[in-house]
Amino acid sequence: MSDSRPIAPFGRRSVSIVETRSLGLYQVIKVQDDAAPLVRPGQFHMLSTTVGWGGETGGRPWLGRAISFLSTDGAGGIEFLVDGVGPGTHRLSSLKSGDQLDLVGPLGNGFPEVGSSDQTKPCLVAGGIGLAPILALSQRLELDGVEHDLILGFRNAEFAGAARDWPNASVSTDDGSVGEQGTVIAPLTRALDSGSRTVYACGPPLMLEAVRALCDETNTPAWFAMEAPMACGFGACFGCAVETKDGIVRLCVDGPVLSGSVLAGISSTGRVDAQ
Ligand code: FES
C-alpha cells in the first residue's frame, strides 16, 4: 500500500458548488476547493451539505457520505459523481450552483501510481457508480500519455448514458440496449487474452468478485476500489473494517483500494472473505 498518499487538510471545510450536471442517471457536482492538495484516483471525500443535512424537527444530522471524485482540473476544481439512492445522496443530488458543500478529504489510499514504462498495460474496469474512480484514473492516464483499456458495464441504456463522454470505452449492458449484451467479463477476458495486463476495478460486489476470480485464475495483478459504509472516514470507528489475508484492515485508511492479492473473495454484500 502506498505511503505517499495526499493527506487531507485538518478539519471540515465549506466550498461553493460552481456547476452541476447530469451524467446518465447520475448527478455531477463540481466544487472549487482551493485548500485541497492534489488528489489521487481512488481516494474519497466525506461530503455533507452546509444546510439541510438531516436533523429535521430536532433530529440528528446525518453522517457524511463517502464519495469518490470523478475528475479534477489540478487547480482546485473537483467533480464528484453522486447516485441519489438514499436520503443523504438524494440531498447531495439536489444541490445547485452557488450552494455550499462541506467536505473532508482527500481520504484513504487511492490506486498506485501507473507509469508509461510499466511492463503491463492498465485495464480499467467499472460497473455502475464505480465509474467515478475509474474515470478519474483514466483521466490521469490520458494526461500522462499511458495507453489503457477502459471497460464499462451498466444495467441499461439510461445508466449507460454516463459513458457518453468516453467514446473509446468498451461498453456493455445487462439488457444489451447499449454496446455488448452481458457483463464486463467478456470484454475483460478478451483484453487479458490479448496481452499482459494489470487490472484496476471498481463496481458492485458481484462484478468485483467476478473480476477478482478471473484475475486470480489468470494470475493477473489487480487493484480493487472497495465500497463500504463509512461513518467517520478517518480510522476512528472501525465501521469499515474487513478481514483480508493480511488481517483486519479499515477500508477508509488502509483502502479503499486493496490489492487483489489480499482478497480471497468478495461476497454479494461487499464483505471481504479472508480464506
Ligand atoms: S469509517 Fe470509521 S474507521 Fe473507517
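Start at 1 and go down the list; that is how both ligands and their atoms are numbered. In this chain, residues are counted from 1 in sequence order.
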Next on the checklist: For a distance under 2.8 Å, tell me if Cys237 has an N/O/S atom near atom 4 (Fe) of ligand 1.
Outcome noted: no

Checklist entry - Quick one: does ligand 1 sit under 4.0 Å from the side chain of Ala241, the backbone, both or neither, non-hydrogen atoms only? => result neither

Checklist outcome for this item: In ligand 1, the atoms that come under 4.0 Å of a heavy atom of Ala236 are 3 (S)

Checklist entry - Does any N or O in the side chain of Gln32 come within less than 3.5 Å of the main-chain N or O of Ala75, such that one atom is a donor and the other an acceptor? => result yes

Item to check | Nearest protein heavy atom with distance in Å, relative to atom 3 (S) of ligand 1 | outcome: Phe238 N, 3.1 Å

Checklist outcome for this item: In ligand 1, the atoms that come under 4.0 Å of a heavy atom of Cys232 are 1 (S), 2 (Fe), 3 (S)

Checklist entry - Does the ring of Phe111 carry Arg40 above it, NZ/CZ under 6.0 angstrom from centre and within 45° of its axis? => result no

Item to check | Atom indices of ligand 1 within 4.0 angstrom of Met230 heavy atoms, with elements | outcome: 1 (S)

Item to check | Gap between atom CG of Leu263 and atom CG of Leu208 - 0.5 Å precision | outcome: 9.0 Å

Checklist outcome for this item: The atoms of ligand 1 lying under 4.0 Å from a heavy atom of Ala231, numbered in the order shown, are 1 (S)

Checklist entry - Does the Gln139 side chain pair with the main chain of Thr72, one donor and one acceptor, at a distance under 3.5 Å? => result yes

Checklist entry - Within the side chain of Arg13, is there an N or O that forms a donor-acceptor pair under 3.5 Å with the backbone of Gly105? => result yes

Checklist entry - Quick one: which ligand 1 atoms are inside 4.0 Å of a heavy atom on Cys240? => result 1 (S), 3 (S), 4 (Fe)

Checklist entry - Under the side chain to side chain donor-acceptor pair (under 3.5 Å) criterion, do Ser172 and Gln181 qualify, and how do the steps go? => result CA-CA 6 Å; Ser172 55; Gln181 179 169 17; over 6 Å; no

Checklist entry - Near Cys252, which atoms of ligand 1 are under 4.0 Å from a heavy atom of that residue? => result 1 (S), 3 (S), 4 (Fe)

Checklist entry - Counting only N and O atoms by type, is there a donor-acceptor contact under 3.5 Å from the side chain of Asp216 to the main-chain atoms of Arg212? => result no

